[in-house]
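In what follows, chains are A, B, ... by sequence order, proteins preceding strands, each numbered from 1.
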Number of protein chains: 4
Amino acid sequence: MAEQKPVSGRQSDSQPDSRAKILAAAKDEFAQHGQAGARVDRIARQAGVNKAMLYYHFQSKDNLYRETVGEIIAGNLGKISKEVSQKSDLDELLNSLARKYAEFLGQDQMMRKMLLQELANPHPHVFDLMAETIVKSGLPNFVMTAIEAEMKSGLLRTVDLKHAVASFMAMNIGYILMSPIVDRVLRVTDKEQFHNERTEAVVDLFLNGVKKK
Amino acid sequence: MAEQKPVSGRQSDSQPDSRAKILAAAKDEFAQHGQAGARVDRIARQAGVNKAMLYYHFQSKDNLYRETVGEIIAGNLGKISKEVSQKSDLDELLNSLARKYAEFLGQDQMMRKMLLQELANPHPHVFDLMAETIVKSGLPNFVMTAIEAEMKSGLLRTVDLKHAVASFMAMNIGYILMSPIVDRVLRVTDKEQFHNERTEAVVDLFLNGVKKK
Amino acid sequence: MAEQKPVSGRQSDSQPDSRAKILAAAKDEFAQHGQAGARVDRIARQAGVNKAMLYYHFQSKDNLYRETVGEIIAGNLGKISKEVSQKSDLDELLNSLARKYAEFLGQDQMMRKMLLQELANPHPHVFDLMAETIVKSGLPNFVMTAIEAEMKSGLLRTVDLKHAVASFMAMNIGYILMSPIVDRVLRVTDKEQFHNERTEAVVDLFLNGVKKK
Amino acid sequence: MAEQKPVSGRQSDSQPDSRAKILAAAKDEFAQHGQAGARVDRIARQAGVNKAMLYYHFQSKDNLYRETVGEIIAGNLGKISKEVSQKSDLDELLNSLARKYAEFLGQDQMMRKMLLQELANPHPHVFDLMAETIVKSGLPNFVMTAIEAEMKSGLLRTVDLKHAVASFMAMNIGYILMSPIVDRVLRVTDKEQFHNERTEAVVDLFLNGVKKK
DNA sequence: GATGAATGAGCCTTCATTCAT
DNA sequence: CATGAATGAAGGCTCATTCAT
């Protein structure tokens with residue numbers, strides 16, 4: 001009992017306060033094991049706090065999950081819209097967007113895993129939050145508007161706007177979600193390179209797909 | 001892994017169900033709750049058998065999961081390749097393929113959910129099985145070959161074959177996986193109609209994307 | 001693992017089956033500690049079964065409590081009515097009844113404690129059961145009828161029947177419930193003797209109290 | 001027991017409440033849930049103070065319980081004796097006493113519940129306090145003396161004094177403790193009226209029971 | 001006096017798994 | 001093949017209590 005834990009004995013002020021530490025640990029645990037597979041003990045241990053502390057700050061495992069996902073989504077999704085929304089050229093816009101998607105989902109496996117899990121077993125609350133955040137970011141609308149404009153000015157073929165945007169999202173995000181299996185099936189040897197080329201390939205296919213001949 | 005199970009080669013004839021009933025129940029349970037969230041009790045109860053029976057046929061929850069996924073994949077994926085592989089025209093081939101994907105993943109939520117779960121938390125064994133099955137089906141290769149042929153004959157632009165196929169899969173499968181959120185973000189009101197139009201829209205975009213002007 | 005526990009290794013047939021053993025252990029535990037203070041671990045250990053077994057037979061601590069109380073009440077209360085209901089003489093009836101009450105509550109501290117606890121923190125379900133069982137036993141009515149008869153025949157004063165019966169119950173049962181403190185306050189030195197005299201003293205006071213002068 | 005608590009002799013004046021508020025909250029909580037079922041958090045919250053404050057004033061849950069019970073008993077029991085001890089007539093004395101009992105236990109469910117709980121699971125310390133307080137109040141002795149006097153003067157039959165007093169207490173206090181179930185079994189419809197009549201009915205039965213014919 | 005944050009121990013409950021029959 | 005009963009090992013959550021400020 002009372003084995004000296006190396007670091008802090010009731011930390012004075014340094015650490016980013018235990019609430020944040022729990023959240024960080026929860027992010028890892030939930031991403032790795034899913035909501036059902038996650039273990040409260042592991043989260044607490046990895047956060048370096050007592051298990052009861054976790055229930056002091058969050059009230060249940062379920063609530064911790066929701067707060068964790070909320071944090072992740074709000075944190076990451078916000079970044080995209082800002083940087084993208086100032087492009088005027090469609091080509092540039094799509095490129096910028098595709099790169100952001102890759103960055104957003106590729107850099108941090110957590111985000112990708114949580115997205116997959118929510119798609120598999122949606123939590124209404126979490127789902128609402130995700131959808132709302134994306135819509136608020138203005139991105140889908142922004143892209144649709146840009147395409148529509150060029151369509152009206154006669155540069156593009158007449159295509160269904162929603163299907164077009166859905167396809168663009170799927171080629172980017174959908175691919176990333178599926179990449180482990182797609183890459184394998186297609187015998188992609190140098191994954192890194194393939195992922196780097198991807199942005200360009202997608203935008204190229206898409207633009208040619210919608211442009212007039 | 002893959003230890004030779006001594007006994008039954010899918011037992012002879014007496015109680016033809018039991019094993020099958022368990023598998024069916026397991027399919028539902030795993031799809032709804034994921035591997036970690038699934039409960040052996042529920043599977044047994046829903047299958048109408050004793051829990052011990054389940055352990056008699058399958059040896060552990062983990063093994064039951066693997067067999068369940070295997071069954072699903074083998075069962076569903078096999079169907080696609082047969083019907084598709086006899087198309088000669090690229091247009092026809094892609095249409096046929098797109099329709100199969102939709103059918104394959106859309107009709108039965110189970111398949112979609114299991115795929116998402118495996119993508120989120122891959123089991124090497126399951127993953128191997130899926131990839132192997134897809135490759136064996138010959139489909140990706142078949143498509144790549146068909147595109148390559150038309151590319152050589154000068155009908156299509158020069159594009160990276162793997163990226164093209166990846167995009168096609170993503171527009172179809174990736175979209176389906178993400179559809180709950182994509183549909184919502186794009187304010188798709190009549191989902192059924194949208195999904196029905198999808199095949200055509202995808203093939204249209206893709207073909208225009210690769211064709212020469 | 002698998003430390004040899006002295007007694008039975010999955011008992012064959014002897015013990016009165018674990019359900020009954022749990023119930024017996026629960027009776028002791030709940031009586032000694034109350035519902036809140038009772039510990040499931042202790043009950044299981046004292047019953048010589050695994051904790052999970054307890055949840056297999058009963059579904060929760062709360063339910064175990066209810067079943068335990070039900071068992072006790074049904075078991076004990078039933079005995080009284082049978083033996084009492086055949087007395088014709090009022091004197092004899094009251095004596096017989098008083099003796100049964102003492103026996104019922106005195107012999108088994110469990111019953112007394114559970115009654116006190118239910119009086120302090122009633123569970124609707126348990127309360128219903130107790131009341132119903134008592135009423136069904138026919139005793140209160142039986143006594144009231146007997147008193148009423150003698151009242152009409154002019155042997156007794158005119159008194160309120162319900163108050164009379166309430167007083168009789170209180171002098172018997174109420175005293176037993178309160179005895180630890182009453183005995184102490186009254187400086188009763190030989191408790192056993194006092195309790196033995198009690199029946200007679202109560203019937204004497206009661207009969208004189210209702211008789212005509 | 002009764003370790004000298006170093007600090008406050010019921011602190012001077014500054015925050016006169018805090019301690020009192022905790023005691024009030026504790027009274028409710030303990031009465032409603034019993035000692036084991038009571039929750040320190042709830043007491044603190046309902047008292048509007050921090051949990052640590054509670055430990056500052058009282059040193060443990062157990063001690064808080066003891067102080068709470070002590071407070072209640074001392075507070076309530078004291079009142080009875082004063083007002084009763086000046087009656088000279090036995091009839092008047094018993095009536096006055098019966099009314100006090102009803103008031104003492106009936107008005108405030110807390111007292112009734114705590115008494116029941118202590119009877120079910122006695123705490124030596126609390127029990128001592130209760131008994132001592134009652135004895136000190138002089139009441140039992142007072143009643144015994146009054147009865148004895150009338151007995152000697154030939155007005156009453158010769159009965160055992162202790163049994164007589166025990167019966168009187170039981171008819172009053174014992175009835176109140178058991179009233180929820182007694183009333184129900186006897187099909188008492190207007191409880192309030194019944195309780196109001198009770199005093200008279202009890203004294204009447206008792207006096208007739210002890211008087212000479 | 002007063003507080004928010006922290007903790008160890010324990011509590012009720014559940015789960016995958018096994019055994020005797 | 002089939003079952004009811006049994007179990008060890010957690011798993012999530014709570015509780016009385018304490019510490020730094």
Side-chain angles (χ1 to χ4, degrees), chain A residues 1-2 5 8-13 17-19 36-44 48-62 64, chain B residues 7-8 11 14-15 17-19 36-44 48-62 64, chain C residues 1-3 5 8-13 17-19 36-44 48-62 64, chain D residues 7-8 11 14-15 17-19 36-44 48-57 59-62 64:
Chain A
M1 261 126 267
K5 61 177 94 136
S8 69
R10 266 162 183 114
Q11 78 274 36
S12 36
D13 62 302
D17 104 310
S18 56
R19 206 192 127 89
R39 293 294 167 252
V40 169
D41 300 63
R42 278 196 296 246
I43 296 177
V49 305
N50 188 290
K51 233 194 314 181
M53 208 57 240
L54 193 151
Y55 286 88
Y56 177 76
H57 285 299
F58 308 85
Q59 283 66 42
S60 65
K61 185 191 181 186
D62 197 73
L64 173 58
Chain B
V7 226
S8 69
Q11 81 275 41
S14 49
Q15 280 79 355
D17 18 2
S18 202
R19 203 191 135 91
R39 294 292 167 253
V40 170
D41 296 67
R42 278 195 297 245
I43 295 177
V49 306
N50 189 287
K51 236 191 314 180
M53 207 61 243
L54 190 152
Y55 279 88
Y56 173 82
H57 283 299
F58 308 85
Q59 286 66 41
S60 67
K61 184 191 182 185
D62 197 71
L64 172 58
Chain C
M1 260 127 269
E3 347 79 354
K5 63 176 91 134
S8 68
R10 260 149 190 128
Q11 79 273 37
S12 34
D13 62 304
D17 104 309
S18 55
R19 209 193 124 90
R39 293 295 166 252
V40 169
D41 299 64
R42 277 195 299 243
I43 295 177
V49 305
N50 188 289
K51 235 193 311 180
M53 208 57 241
L54 193 152
Y55 285 87
Y56 176 77
H57 285 299
F58 308 86
Q59 285 65 44
S60 65
K61 185 192 180 185
D62 197 72
L64 174 57
Chain D
V7 227
S8 69
Q11 79 277 36
S14 50
Q15 280 79 356
D17 19 0
S18 203
R19 204 191 133 91
R39 293 293 167 255
V40 170
D41 296 67
R42 278 196 297 244
I43 296 177
V49 306
N50 188 288
K51 235 191 315 180
M53 207 61 242
L54 190 152
Y55 280 87
Y56 174 82
H57 283 299
Q59 286 66 44
S60 67
K61 185 192 182 185
D62 197 71
L64 173 58

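Base pairing in DNA chain E yields stems of at least 3 consecutive Watson-Crick or G-U pairs, both distances under 3.5 Å, namely E:2-21 with F:2-21.
Within 3.5 Å, a donor on the side chain of B/Lys51 pairs with an acceptor on the base of E/dT17, or the reverse.
Here the closest heavy-atom approach between residue A/His57 and residue A/Ser18 is recorded as NE2-OG, 3.4 Å. Across C/Ala38 and C/Lys61, no two heavy atoms sit closer than the pair O-NZ, 3.0 Å.
One atom, CG of B/Leu54, and another, P of F/dT3, lie 12 Å apart when rounded to the nearest Å. In this structure, the CZ atom of A/Arg39 is 8 Å from the C1' atom of F/dA10, given to the nearest Å. Between D/Tyr55 atom OH and E/dA2 atom P there is a gap of 17 Å when expressed in whole angstrom units. The interatomic distance linking C/Phe58 (CZ) with E/dC12 (P) rounds to 16 Å, in whole Å. As a whole-Å value, the separation of B/Asp17 CG from F/dA2 C1' is 13 Å. What separates CG of D/Asp41 from P of E/dA6 is a distance of 16 Å, to the nearest Å. Between the OH atom of D/Tyr56 and the C1' atom of F/dC19 there is a distance of 15 Å, given to the nearest Å. One can place CG of B/Leu64 at 13 Å from C1' of E/dT17, the figure rounded to the nearest angstrom.
Look at D/Ser18 and you'll find a side-chain N or O under 4.0 angstrom from OP1 or OP2 of E/dA2. Within the 4.0 Å cut-off from OP1 or OP2 of F/dG4, not a single side-chain nitrogen or oxygen of C/His57 is found.
Residues meeting the salt bridge (Lys or Arg N to Asp or Glu O under 4.0 Å) test with A/Arg39, sequence neighbours left out: none. In this structure, the side-chain contact (heavy atoms from CB on, under 4.5 Å) partners of D/Tyr55, at least two apart in sequence or on a different chain, are D/Val40.
In terms of position on DNA chain F, the residue among A/Asp62 and D/Ser60 whose nearest nucleotide sits closer to the 5' end is A/Asp62. Between C/Ala38 and B/Ala38, the one whose closest nucleotide on DNA chain E sits nearer the 5' end is C/Ala38. In this structure, C/Asn50 and B/Ala52 both approach DNA chain F, and ranking their closest nucleotides by distance from the 5' end singles out B/Ala52. Checking C/Gln59 against A/Met53, the closest nucleotide of DNA chain E that is more toward the 5' end is the one next to A/Met53.
Rounded to the nearest 0.5 angstrom, B/Arg19 CZ and B/Tyr56 OH are separated by 11.0 Å.
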